[in-house]
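Only one structure is covered here, and it is reproduced in the block below.
Quantities reported herein were computed from a predicted structural model and do not represent experimental measurements. Letters go in sequence order (proteins before strands), and every chain restarts at 1.
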There are 2 protein chains.
Amino acid sequence: MAAAQAGSLDRLFHALSDANRRGMVDRLARGPASVKELAEPGSLALPSAMKHLRVLEEGGLVRSQKSGRVRTYSIEPHALGRVEAWLAERKRGLNLQFDRLEAYLADGDAAEPTGTEA
Amino acid sequence: MAAAQAGSLDRLFHALSDANRRGMVDRLARGPASVKELAEPGSLALPSAMKHLRVLEEGGLVRSQKSGRVRTYSIEPHALGRVEAWLAERKRGLNLQFDRLEAYLADGDAAEPTGTEA
DNA sequence: TAAATAGTTTCCCATTTAGCGAACTATTGA
DNA sequence: TCAATAGTTCGCTAAATGGGAAACTATTTA
């Protein structure tokens, strides 16, 4: 456990690794928008915007639904929660490391601060 | 402000978008390690591991320092703080959206819940 | 000094990415 | 009905990625 699926996080972080896509997330954080509206801020052609949106969708960050001729995208509410969860896990690990380091610095004859074994 | 540099976040998230690299971060969260040690868990050849480590370094997630013939990598302590900061900012935005939605649902004659204008 | 070890650099390969123009398919609106 | 609008699909390009073998440069260590 704890490492749900690798591929899922791959897609999530990859989705966030592009400024245009993060811009779309920011835009969608203020409310739903159409493909065209999402394309404009980055001066993207529609096909390019669509690719980005597909990446965001595969990363689980946004949802979409088509009505008439316009497809409306919106934020996947729990999307950022996955980033947060991952982050919390690592920070836990780091805190442990620092705790050991502090313990090591505190009483000089304790074991080494972990990590350089083997 | 608030959006330090786009390229920087690009590199940060891109660094995290690969399972091997996240594995290296996890490993380093438990303490420093050599290139070889970091290559083993993923059964990577050294050149491949080096590439990943360079990506992590460019993403500001790790540091390295060479002594003798071994280069030792360690976590850049404030690395995850940048992810956290970005995350906090978005969550703030999302809360605002939800606040507005709640307000909208509360008293029916208020303005629309933002987003679909234009 | 000779052999083993740890990185490093240089190519090479297949795949993916980001971007777009063109052409096509609905829907709207006039 | 006809024209504009919003997406969508289909190539196509240039660049970046992820992987590694080969060959080379230090350092250790025997």
Side-chain angles (χ1 to χ4, degrees), chain A residues 5-25 27-28 31-59 61-74 115-118, chain B residues 6-25 27-28 31-74 115-118:
Chain A
Q5 301 116 304
S8 166
L9 281 173
D10 284 14
R11 284 189 293 277
L12 173 58
F13 283 120
H14 171 245
L16 293 174
S17 72
D18 179 279
N20 277 318
R21 285 193 291 265
R22 287 195 306 277
M24 289 172 169
V25 169
R27 169 63 188 77
L28 291 176
S34 69
V35 176
K36 199 191 157 208
E37 287 169 335
L38 291 165
E40 273 162 7
S43 307
L44 292 171
L46 284 200
S48 309
M50 284 186 59
K51 275 198 199 171
H52 284 303
L53 288 166
R54 190 170 318 121
V55 171
L56 285 171
E57 209 158 12
E58 284 169 356
L61 285 161
V62 307
R63 265 181 309 153
S64 80
Q65 138 219 344
K66 190 164 181 176
S67 126
R69 70 181 160 185
V70 39
R71 176 177 296 276
T72 300
Y73 277 87
S74 47
T116 334
E117 79 285 89
Chain B
S8 166
L9 281 173
D10 284 13
R11 284 188 293 276
L12 174 57
F13 283 119
H14 171 245
L16 293 174
S17 73
D18 178 279
N20 278 318
R21 286 194 290 264
R22 287 195 306 278
M24 289 173 169
V25 169
R27 169 62 186 78
L28 291 176
S34 69
V35 176
K36 201 192 155 206
E37 287 169 335
L38 292 165
E40 273 162 6
S43 307
L44 292 171
L46 285 199
S48 307
M50 285 185 59
K51 277 194 199 173
H52 285 302
L53 288 166
R54 191 171 317 122
V55 171
L56 286 171
E57 208 157 13
E58 284 168 357
L61 285 161
V62 307
R63 264 179 310 152
S64 80
Q65 138 218 345
K66 191 166 182 176
S67 126
R69 70 182 162 185
V70 37
R71 175 177 298 277
T72 300
Y73 277 87
S74 46
T116 334
E117 79 283 86

Under the side chain to side chain contact (heavy atoms under 4.5 Å, CB included) test, which residues partner A:R69, sequence neighbours left out?
none
For chain A, the stretch of DNA chain D it reaches, first to last nucleotide, under 4.0 Å of its heavy atoms:
D:dA4 to D:dT9
With a non-hydrogen cut-off below 4.0 angstrom, is A:R21 in contact with a base, only sugar-phosphate, or nothing?
sugar-phosphate
Sorted by chain and number, sequence neighbours left out, ring-ring contact (aromatic ring centres under 6.0 Å, His included) with A:Y73 holds for none
Note: for A:N20 and A:V70 on DNA chain C, the residue whose nearest nucleotide lies more 5' is A:N20
Gap between atom CD of A:E58 and atom CG of A:L12 - 0.5 Å precision:
12.5 Å
I'd like to check A:D18 versus A:V55 (side-chain heavy atoms, cut-off strictly below 4.5 Å). Are they in contact?
no
Within this structure, what is the CG-to-P distance between A:L46 and C:dC24, rounded to whole angstrom?
18 Å
Can you check whether B:M24 reaches B:L61 side chain to side chain, under 4.5 Å on heavy atoms?
no
Would you tabulate the nitrogen or oxygen pairs shorter than 3.5 Å linking the protein to nucleotides 20-22 of chain C?
from, atom 1, to, atom 2, distance (Å)
C:dC20, OP2, A:A45, N, 3.3
C:dC20, OP2, A:S48, OG, 2.7

Could you check if a side-chain atom of B:V35 sits within less than 4.5 angstrom of a side-chain atom of B:L38, using non-hydrogen atoms only?
no
Working to the nearest 0.5 angstrom, can you tell me the gap between A:S74 OG and A:Q65 CD?
7.0 Å
Could you tell me if the side chain of B:S34 sits less than 4.5 Å from the side chain of B:R71, heavy atoms only?
no
Could you check which residues of residues 57-69 of chain B get a heavy atom under 4.0 Å from DNA chain C? Sort them by number, please.
B:K66, B:R69
What side-chain donor-acceptor pairs closer than 3.5 Å can you find for residues 46-54 of chain A, not counting sequence neighbours?
from, atom 1, to, atom 2, distance (Å)
A:H52, ND1, A:R21, NH1, 3.0

Using a 4.5 Å cut-off on heavy atoms from C-beta on, say whether the side chain of A:R22 contacts that of B:D10.
yes
Starting at atom CZ of A:R71, determine the distance to atom C1' of C:dT27, rounded to an integer number of angstrom.
14 Å
